[in-house]
Amino acid sequence: MAMTHKERILATVRGEWLDKPCYTAWGPHYSFEEQNAKDLAEAMIGFQKAHDFDLIKHMPSGMYFTEAFGQQIPKANNMDFQAWMSVSRFVINDPSDCLRLTPKKILGNSLAREVECVKRINDYFHGEVPVCATTFSPFIWLGEMTGGFFRPELIVEMFRNHEKECAKGLEVIEETNRELMEAFVDAGAAGFFYGVQNGMARVMGRELFEKYEKAPSVRCLNAVKDRTYFTMIHMCNGRRNECDWFVDYPSEALNWADTHKVQRSMKEMREISDKVLVGGINHHSEGVGYGERYTPNDFTGVDRDEIKERIKNRVKSAIDQAGNKLVVSGGCGWDFNSHHRFSIWHEVMDEIAEERAASRQ
């Protein structure tokens, strides 16, 4: 009897050999659907039915948490719209704004919308396809309310110059994030896609990182660790040295752009961690700026055979470097120019399964 996706992920966490490695993909954002729980859930259910991946990464608006605190984001007017790149007014424009933050309930707001979305997806698949709810660390959420991904120095400078006010605000964000994570688990989430930013860590420095990024994150993750079975720490952007700062966060897995030369390779990460490693495929060519609709990646090209060979080499290299504790994926979200070529990826994974079956006979 074939294993369910949940059973396959659990076996991967235990480091067991499978007929083929688990694999998954996510992105880009569902710009028109992400403001409605039912619409977003149906889009993600359709994506899963089309590709039959081993886990589902919840794909909300990148600003959903900040919306609950009053962040102003215009409505999407085209499918390329990215909420995290389109903020019209940030919540924190002065350190004193941190003192005005109050904890939010998971009721009648954007937080409740995303919990409903996760529940709809989990209910549809009867819990047999792991759903990783998306959230970020409290410090990253506060940073998104201040200057966003492209201006991490703003929140860092505020902490350095107005630590007392900012620390109070961070406490509010941590409390809300912890309650949100509990609600996601109640809705059936298997765990989390827990976003942190290596680039932010580099700007923070180790002392500020330990106190205001790591400590709140560990508390949030520990609050749900006994009720979840697959949480991945998503180390977005940054450099290899800062990756080391995140490896002991309470989680089962680590995800980062391992194919980028400025990041740790799978082999290097395996040398310092026994966790499940999520990656192996190049989702976004190194050095190409974010925000482009179509960015070169491992599915780019006109020659199908070349693409297939490239993907097969990537997968086999990931297996060699990571071993059984591997989920083949990209280092972040995919763009619109990739989905229609995932059939090549599926073909590669099926051929690897055939090779493994033959080798055991």
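Heavy atoms only: backbone and side chains are in, while hydrogens, waters and symmetry mates are out.
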Proximity of [X] and [Y] rings by center, below 6.0 Å:
X	Y	result
His5	Phe125	no
Phe159	Phe139	yes
Trp26	Phe47	no
His346	Tyr23	yes

Using side-chain contact (heavy atoms from CB on, under 4.5 Å) as the criterion, list what pairs up with [X], not counting sequence neighbours.
X	value
His162	Pro95, Glu165
Leu154	Thr146, Arg151
Glu171	Lys168
Ala201	Phe209, Glu242, Trp245, Phe246

Within the 4.5 Å heavy-atom criterion, are [X] and [Y] side-chain neighbours or not?
X	Y	value
Glu114	Thr134	no
Glu7	Leu10	no
Cys117	Pro60	no
Phe184	Val131	no
Ile140	Glu213	yes
Thr24	Val327	yes
Ser251	Lys275	yes
Gln197	Glu144	yes

| message | Using the rule given for side-chain contact (heavy atoms from CB on, under 4.5 Å), can you reason through Arg314 versus Asn282, listing the C-alpha separation, both sets of side-chain angles and the distance that settles it, and then say yes or no? | response | CA-CA 8 Å; Arg314 289 284 199 190; Asn282 184 15; 3.7 Å; yes
With sequence neighbours left out, what residues match [X] under salt bridge (charged side-chain N to carboxylate O under 4.0 Å, His left out)?
X	value
Glu210	Arg206
Asp19	Arg8
Arg270	none
Lys20	Asp350

| task | Check the pair Trp256, Met269 against side-chain contact (heavy atoms from CB on, under 4.5 Å), reporting the backbone distance first and the verdict last. | result | CA-CA 10 Å; Trp256 76 108; Met269 192 64 83; 3.5 Å; yes
| query | Roughly how far, to the nearest 0.5 Å, is the NE2 atom of His126 from the OG1 atom of Thr4? | reply | 12.5 Å
Pair listing, salt bridge (Lys or Arg N to Asp or Glu O under 4.0 Å) test, anchored in [range], at least two apart:
range	result
residues 180-200	Glu182-Arg227, Asp186-Arg227
residues 39-50	Lys38-Glu42
residues 85-95	none

| request: Work out which heavy atom in Cys243 is nearest to a heavy atom in Met235; give both atom names and the distance. | output: O-SD, 3.8 Å
| Derivation and outcome, side-chain contact (heavy atoms from CB on, under 4.5 Å), residues Val276 and Leu254 | CA-CA 6 Å; Val276 175; Leu254 304 170; over 6 Å; no
| said: Name the residue from Tyr194, Phe69, Phe65 that meets the ring-ring contact (aromatic ring centres under 6.0 Å, His included) definition with Trp141. | reply: Phe65
| query | Has Arg360 got its NZ or CZ under 6.0 Å from the middle of the six-membered ring of Trp17, at an angle within 45 degrees of the ring axis? | reply | yes
Any salt bridge between [X] and [Y], counting N to O under 4.0 Å?
X	Y	value
Asp258	Arg264	no
Asp97	Arg100	yes
Lys211	Glu163	yes

| task | Determine yes or no for a side-chain-to-main-chain donor-acceptor pair under 3.5 angstrom, with His58 supplying the side chain and Phe192 the backbone. | result | no
| said: Checking the side chain of Asn255 only, and the main-chain atoms of Val278 only, is there a donor and an acceptor separated by less than 3.5 Å? | reply: yes
| query | What's the verdict on side-chain contact (heavy atoms from CB on, under 4.5 Å) for Ile173 and Met145, showing C-alpha distance, side-chain angles and the deciding distance? | reply | CA-CA 11 Å; Ile173 301 303; Met145 294 181 190; 3.5 Å; yes
| task | Carefully, step by step, assess Glu157 and Arg160 under the rule salt bridge (Lys or Arg N to Asp or Glu O under 4.0 Å). | result | CA-CA 5 Å; Glu157 286 303 310; Arg160 287 175 177 159; 3.3 Å; yes
| message | Going by side chain to side chain donor-acceptor pair (under 3.5 Å), name the residues that satisfy it together with Ser329, two or more places apart in sequence or in a different chain. | response | none
| Taking atom NZ of Lys104 as the centre, does the number of heavy atoms from other residues, nucleotides or ligands within less than 6.0 Å exceed 12? | yes
| request: Return yes when atom CD of Glu128 has more than 12 non-hydrogen atoms of other residues, nucleotides or ligands closer than 6.0 Å, and no otherwise. | output: yes
| Could you walk me through whether Arg304 and Glu347 pass the salt bridge (Lys or Arg N to Asp or Glu O under 4.0 Å) check? | CA-CA 12 Å; Arg304 188 185 193 279; Glu347 196 173 293; 2.8 Å; yes
| message | Do Glu355 and Ser359 pair up side chain to side chain, a donor and an acceptor below 3.5 Å, judged on atom types alone? | response | no
| Do the rings of Phe299 and Trp345 sit parallel, tilted or perpendicular, given the 30° and 60° boundaries? | tilted
